[in-house]
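The next block holds one structure in the form of structure tokens; read it before the comments.
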Number of protein chains: 2
Amino acid sequence: MATIYDVSVLAGVSLATVSRVMNNNTKVSEKTRQKVLDAMDSLGYKPNNIAQSLASNCSNSVGVVVSQLDGPFYGPMMTQIETSLRSANKHVIIAAGHSDEQQEKEGIDFLMSRGCDALILDVEAVSDDYLIKLSKGTTPIVLINRYIEAIKERCVYLDNELGGYMATDHMLSLGHTNIAYISGPMYKLDARDRLRGHQKAIAEHNLLFDPELWYEGNFREQGGADAMTHLLSLNKPITAVVCASDQMASGAIAVCIERGLKVPDDISFIGYDNIPFPAYITPTLSTISNPIDDMGHMAARWVLKQVYNHQEVDVDSCFKPELYVRGSAKQA
Amino acid sequence: MATIYDVSVLAGVSLATVSRVMNNNTKVSEKTRQKVLDAMDSLGYKPNNIAQSLASNCSNSVGVVVSQLDGPFYGPMMTQIETSLRSANKHVIIAAGHSDEQQEKEGIDFLMSRGCDALILDVEAVSDDYLIKLSKGTTPIVLINRYIEAIKERCVYLDNELGGYMATDHMLSLGHTNIAYISGPMYKLDARDRLRGHQKAIAEHNLLFDPELWYEGNFREQGGADAMTHLLSLNKPITAVVCASDQMASGAIAVCIERGLKVPDDISFIGYDNIPFPAYITPTLSTISNPIDDMGHMAARWVLKQVYNHQEVDVDSCFKPELYVRGSAKQA
DNA sequence: CTGTTAGCGCATTCAG
DNA sequence: CTGAATGCGCTAACAG
């Protein structure tokens, strides 16, 4: 691999001059600049990023910690982050936190020791206090999918309570009153927020929240199937089910169809997340959007603006869910 | 951030000694080792990876180029890669190639200039020759989902022709003879291989491959829907459809159901990939497995073994597809 | 505008 | 077993 030194010799200039044309932040005469450029390309010179990082104390890489890399969410989110950042010539280094406090912290340490210029975190197991403390360190952080009042200017999040409210409100407005709710695991903030929205909608319509009609799932298909099996065993007159994720809704619907129930004729469903797949099944799934990709994009923009001083980008961090009416819910 | 120098002063030893205990490849007396460890710990010392990389010419990071980060495949694959590598204390740096030659090459250059110790590539737009040349360079590469004879020891792949054969053979063995085929885009190798397998099965049963019953899709839901719409418009007595991806199968089934056709009573389907979602829809989708996650895992093991000299791991690179019989296909 | 000179934090000779 | 010295490839003052 050719080094900056080889280039300087071939071009007949000093080492510093070569560095200058690379970073073109200082004036270099057009003539010498061209000499250098020619030398670079006849040597096939590629700068060594590692050395640049060490010397400049800027690694041009940003670390991303997500709960998991698979599933319908993180892919689109990572796509946005990678695209935005790479077009600005920044690297993306990833680590999975697996919703485990220990692993999330390890991932963060890992990325910091790698000299990341900033961290984008979609973490759910570490505490607010830990993150607040972290935000006071030297490596800037931005949070996706989490709202912490004390550092709200670093949060990119979805109003999940509103989303939960909207889902249930949709069923209510269709005339349903016996509405079951399949929630995500309660240790997750977004699951709690969505449930709160559900309860709020119920209360606003002067109905009583029946804990028996609430089942704690796990956001996955199987959890939805288990939940539905349980709800059906109650022998209650349920006419609508609000699910805190599209995956759970799919699992739940599958159970109903297996038992000979017609969706939406016998029982209505609404999901949450608006992942691509359920838009293609029968019935098509009504849902609430969870623009996780847009949030990834926004987090990347935040980093570009706050860390790399790209003044031109705007950052807006609170996202509002939207209702997508499709075929899985009908008038009661 | 404390440096190795700070540690050496506190421990009352030389810089080199500290370095030695970190890398513990040279003998250090237990007493001094303990002094150093204590010093590290009271300073909260974390080695600077960047500096280590520059000095050792080993970045402990491996680059991964995938076509896309979203969709049902790359997530699970990335999960395996990240998990395997991180447990060996290696970093994963990602770049998306977007199935575009220019972008794939840029991604590769990008990762090489970052000093990656090895590259894991799931690329489809660059040529075999380019990859063969690349494999002769200084940065080791391993290919996922691609078989190139000249560098087969660097390939981790699925026998797609066999998979295509198995899918169609399943329909044939159920007695179907009017079988349509919805393929992936022909510029993709796996799409071509699967089609070849289909044709082989057809031929083996002394049937004729009817080009009219073959539609080139795009591997996505919408492509399957478009394909089915076209096939139905032919007014041919099709009783079974083999799809080169589960996503296309889902799109195609949706169209059938919309038109009042019963699956599998009126028409049978089989997909390819065995992605999680269609196992939860109605009817559950029969399919051929595409163990992309296992392949990711294997590629990571290859790197560990070949690049980082972990002798204990075994590498086996040719994966065989498996048939998953579920509810979308029945006797003709 | 350009060259000289120090480091960045660490691994690695080479002596001792 | 340990310390001193050198350099990885590059950036960033500082002079000129």
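Every chain is numbered from 1, with letters handed out A, B, ... down the list of sequences.
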Inset, instruction - Please identify each residue that fulfils side-chain contact (heavy atoms from CB on, under 4.5 Å) with B:Leu10, with sequence neighbours left out. - result: B:Ala39, B:Ser42, B:Leu43
Inset, instruction - In whole angstrom, give the distance that lies between atom CG of A:Asn48 and atom P of C:dC8. - result: 18 Å
Inset, instruction - In whole angstrom, give the distance that lies between atom CG of A:Asn60 and atom P of D:dC10. - result: 14 Å
Inset, instruction - Return no unless some side-chain N or O of B:Asn23 is found under 4.0 Å from OP1 or OP2 of C:dA11. - result: yes
Inset, instruction - Could you check how far CD1 of B:Ile4 sits from C1' of C:dT12, rounded to whole Å? - result: 11 Å
Legend entry - Rounded distance in Å - CG (B:Asp6) to P (C:dC8): 11 Å
Inset, instruction - Go through residues 8-21 of chain B and report each residue with a non-hydrogen atom lying under 4.0 Å from DNA chain C, sorted by number. - result: B:Ala16, B:Ser19, B:Arg20
Inset, instruction - With a 4.0 Å heavy-atom cut-off, tell me which residues in residues 31-47 of chain B come close to DNA chain C, sorted by residue number. - result: B:Tyr45, B:Pro47
Inset, instruction - Report the distance from atom OH of A:Tyr5 to atom P of C:dT4, rounded to the nearest whole Å. - result: 11 Å
Legend entry - Inter-axis angle, terminal five-pair segments of the helix from C:dC1-D:dG16 to C:dG16-D:dC1 [nearest 10°]: 40°
Legend entry - Residues, nucleotides or ligands: over 12 heavy atoms within 6.0 Å of A:Asn57 CG: no
Inset, instruction - May I ask you to list the residues of residues 50-57 of chain B, by number, that have any heavy atom positioned under 4.0 Å from an atom of DNA chain C? - result: B:Ala51, B:Gln52, B:Ala55, B:Ser56
Inset, instruction - To the nearest 0.5 Å, tell me how far B:Thr139 OG1 sits from B:Leu111 CG. - result: 10.0 Å
Legend entry - Per B:Met22 side chain, nearest of listed nucleotides C:dC1, C:dA11, D:dC10: C:dA11
Do any side-chain atoms of residues 91-101 of chain B form donor-acceptor pairs under 3.5 angstrom with protein atoms, and if so which ones, sequence neighbours left out?
unit_1   : atom_1 : unit_2   : atom_2 : d
B:His91  : ND1    : A:Arg114 : NE     : 3.4
B:His91  : ND1    : B:Asn60  : O      : 3.1
B:Ser99  : OG     : B:Glu124 : OE2    : 2.4
B:Asp100 : OD2    : B:Gln102 : N      : 3.2
B:Asp100 : OD2    : B:Gln103 : N      : 2.9
B:Glu101 : OE2    : B:Lys105 : NZ     : 3.1

Inset, instruction - Determine which pairs satisfy salt bridge (charged side-chain N to carboxylate O under 4.0 Å, His left out) with at least one residue from residues 49-67 of chain B, sequence neighbours left out, and list them in order. - result: none
Inset, instruction - Give a yes or no answer on whether the side chain of A:Glu104 reaches the backbone of A:Val123 with a donor-acceptor pair at less than 3.5 Å. - result: no
Legend entry - Residue pairs involving residues 24-33 of chain B (criterion salt bridge (charged side-chain N to carboxylate O under 4.0 Å, His left out); sequence neighbours excluded): none
Inset, instruction - Name all pairs fulfilling the ring-ring contact (aromatic ring centres under 6.0 Å, His included) condition that reach into residues 51-81 of chain A, sequence neighbours left out, sorted by first residue then second. - result: none
Inset, instruction - Could you state the atom-to-atom distance from NZ of B:Lys27 to C1' of C:dG16 in whole Å? - result: 20 Å
Inset, instruction - Enumerate the residue pairs fulfilling salt bridge (charged side-chain N to carboxylate O under 4.0 Å, His left out) with a member in residues 60-83 of chain B, sequence neighbours excluded, ordered by first and then second residue. - result: B:Glu82-B:Arg86
Please list, one pair per line, the donor and acceptor atoms closer than 3.5 Å that link side chains of residues 290-300 of chain A to other protein atoms, with sequence neighbours excluded.
unit_1   : atom_1 : unit_2   : atom_2 : d
A:Asn290 : ND2    : A:Asp273 : OD1    : 3.1

Legend entry - Pairwise salt bridge (charged side-chain N to carboxylate O under 4.0 Å, His left out) hits with a residue in residues 137-153 of chain B, at least two apart: B:Asp128-B:Arg146, B:Glu149-B:Lys152
Inset, instruction - Locate the shortest heavy-atom distance separating A:Tyr45 from A:Thr3; write the atom from each residue and the value. - result: CE1-C, 3.6 Å
Inset, instruction - Would you check if the side chain of A:Asp117 reaches a backbone N or O of A:Ser59 as a donor-acceptor pair within less than 3.5 Å? - result: yes
